[in-house]
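What follows is a short report on a single structure.
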There are 2 protein chains.
Amino acid sequence: MTTPVPRVRREEVRRRLLDAAAEVFAERGYEAARLDEIAHAAGFTKGAVYSNFAGKPALLAALIEQQARKQLLVGAVEVRAQNRPGAVLDHLAEVVAREIVEQSTWSRLHVEIAQRAAHDPEVRETYVDVRRSLRDQLATTLAAGCARLGVELTVPAEQLALTLQALRLGLALEHGTDPEQVDRATVTSVVASTLRGVLRGHTQSTVDPWRDSA
Amino acid sequence: MTTPVPRVRREEVRRRLLDAAAEVFAERGYEAARLDEIAHAAGFTKGAVYSNFAGKPALLAALIEQQARKQLLVGAVEVRAQNRPGAVLDHLAEVVAREIVEQSTWSRLHVEIAQRAAHDPEVRETYVDVRRSLRDQLATTLAAGCARLGVELTVPAEQLALTLQALRLGLALEHGTDPEQVDRATVTSVVASTLRGVLRGHTQSTVDPWRDSA
DNA sequence: AGTATTCAATACCTATGAGTATCGTACCGG
DNA sequence: CCGGTACGATACTCATAGGTATTGAATACT
């Protein structure tokens with residue numbers, strides 16, 4: 001009677017569920033997110049969730065793991081690609097700003113995870129590990145990049161790395177609440193000027209100055 | 001038989017409930033926070049909550065209102081108190097760091113509110129208003145302070161204000177998740193160096209340099 | 001003092017959503 | 001072609017927590 005509908009591969013199901021979970025967690029927040037909604041957003045039902053994950057916390061854990069692999073703070077690699085110091089600076093600022101504004105789902109998810117980590121010790125443990133290693137990696141890359149370009153940092157690379165991480169989270173939050181005033185150009189300016197402040201050398205920028213968009 | 005126990009004044013009940021709500025919201029997050037727990041933390045029961053507030057959302061709204069009055073970002077006034085540019089800078093950094101580390105309840109509540117504002121349009125509206133006006137006020141104060149001290153800002157005051165707001169939120173989040181590595185001295189350093197970066201003039205600092213506390 | 005009113009405590013209702021148990025069907029080995 | 005298994009859909013349980021109705025005691029009013 002009914003022609004058999006080919007089943008989706010398990011791996012694919014898992015992937016879609018994670019994507020949907022990222023979306024819904026970012027949109028509603030972890031607590032307010034409903035497993036039914038996540039499942040339906042992925043095109044499945046709750047049964048699929050429980051056959052792929054142990055439960056709601058495990059779903060979040062898997063997301064953190066996945067985000068860790070995709071590297072919560074991209075842009076480190078970008079530093080290597082440029083040659084002129086000024087360009088590196090502007091480019092990095094633009095990359096961060098683009099991430100915050102255009103991939104707002106991930107940014108909001110990131111904030112959500114951080115917030116969740118502040119509450120739940122279990123989440124915190126894994127999150128802090130990821131966070132620290134990314135910070136170290138970012139610091140190393142920044143230091144190496146600066147050395148290669150002949151610019152000098154006025155602060156330790158680790159401190160700059162932390163500053164960038166914190167600024168990224170904070171700006172994501174500001175943009176999430178007030179995207180009109182905290183727009184992409186503004187975010188770019190903030191990051192660029194912050195970076196410029198800790199560099200010594202020829203670092204003139206081509207980024208547009210502050211624009212009031214009220 | 002039983003000697004009448006004097007009743008607590010209504011205003012006082014409201015105050016205690018708000019304090020308790022701030023604590024619990026900060027600790028558990030808005031969604032995970034239970035009204036019973038809040039009431040109990042204040043020394044009352046749920047009945048007290050509903051006779052003083054319309055419900056859970058109204059409780060949060062009242063908190064936002066209260067926090068707005070207490071000024072989410074203190075420190076602006078502190079700028080006026082100092083005379084030497086370097087001292088102003090360090091002092092401001094220390095004030096911010098102290099707020100984040102010692103009054104972590106409020107900082108975490110603040111992040112929670114911001115996060116909540118990103119989700120709930122109703123919350124967003126009032127929050128953005130508060131946030132913008134505080135930003136403006138901070139920018140004005142900073143500009144005035146710099147002018148008075150004869151130091152020059154390399155970026156518009158509004159941009160610096162946003163940077164500080166974002167950095168404060170971000171550092172609160174980082175400290176909330178990793179208080180060991182993101183300790184008070186580190187926070188102070190980050191804020192101080194960020195400020196120093198956007199100032200032109202004699203702004204030598206006396207703040208301790210980066211210390212690795214891993 | 002006696003009565004009315006305020007307002008928090010208590011008991012209750014009800015919707016919700018995480019988790020579970022079972023079922024049905026597509027895939028796979030024989 | 002035919003069981004067996006994997007795995008997602010479906011139907012259910014059950015604890016929880018926001019919200020409401022009622023009660024009872026302390027204050028205010030006359």
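First the proteins, then the strands, lettered A, B, ... as listed; each starts at 1. Source: prediction; values computed, not measured.
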> If you check every side-chain atom of A:Thr45, which of D:dC7, C:dA9, D:dT10 has the closest atom?
Replying inline: D:dT10
> Looking for any heavy atom pair under 4.0 Å, which part of the strands does B:Ala33 touch: base, sugar-phosphate only, or nothing?
Replying inline: sugar-phosphate
> On the ring face of A:Tyr30, is A:Lys56 found with NZ or CZ under 6.0 Å from the centre and within 45° of the axis?
Replying inline: yes
> In Å, rounded to the nearest 0.5 Å, how long is the span from CD of A:Gln115 to CG of A:Leu169?
Replying inline: 10.5 Å
>> Expressed as a whole number of angstroms, how long is the span from A:Glu37:CD to C:dG17:P?
In response: 9 Å
>> Measure CG/B:Asp36 against P/C:dA9 and give the value in whole Å, please.
In response: 11 Å
>> Whole angstroms only, please: what is the CD-C1' distance between B:Glu31 and C:dG17?
In response: 13 Å
> Under 4.0 Å between a side-chain N or O of A:Asn52 and OP1 or OP2 of D:dG8?
Replying inline: yes
>> Exactly one of A:Arg124, A:Arg135, A:Arg131 should register a salt bridge (Lys or Arg N to Asp or Glu O under 4.0 Å) with B:Asp178. Which one does?
In response: A:Arg135
> Among C:dC7, D:dG19, C:dA18, which is the nearest nucleotide to the side chain of A:Leu35?
Replying inline: C:dA18
> What is the distance from CZ of B:Phe53 to P of C:dC7, rounded to the nearest Å?
Replying inline: 13 Å
>> From the set D:dG8, D:dA17, D:dG19, return the single nucleotide nearest to any side-chain atom of A:Arg10.
In response: D:dG8
> Hey, are B:Arg28 and A:Asp120 close enough for a salt bridge, meaning a charged N less than 4.0 Å from a carboxylate O?
Replying inline: no
> Could you state the NZ-P distance from B:Lys46 to C:dT10, rounded to the nearest angstrom?
Replying inline: 12 Å
> When we call it a touch if two heavy atoms are under 4.0 Å apart, what does B:Ala32 touch: a base, just sugar-phosphate, or nothing?
Replying inline: nothing
> In terms of side-chain heavy atoms of B:Ala48, which of D:dA9, C:dA18, C:dA9 is nearest?
Replying inline: C:dA9
> Is there a side-chain contact between B:Gln159 and A:Ser193 (heavy atoms, below 4.5 Å)?
Replying inline: yes
>> Between P on D:dG18 and OH on B:Tyr30, what's the gap in Å once rounded to a whole number?
In response: 9 Å
> Atom OH of B:Tyr50 to atom P of D:dG19: distance rounded to whole Å?
Replying inline: 4 Å
>> Looking only at the side chain of B:Arg34 (C-beta and beyond, no hydrogens), which of the listed nucleotides C:dG19, D:dG18, D:dG8 gets closest?
In response: D:dG18
> Rounded to whole angstroms, how far apart are NZ on A:Lys56 and C1' on C:dT16?
Replying inline: 12 Å
>> Classify B:Val13 by what it touches in the nucleic acid, base, sugar-phosphate, or nothing, heavy-atom distance under 4.0 Å.
In response: sugar-phosphate
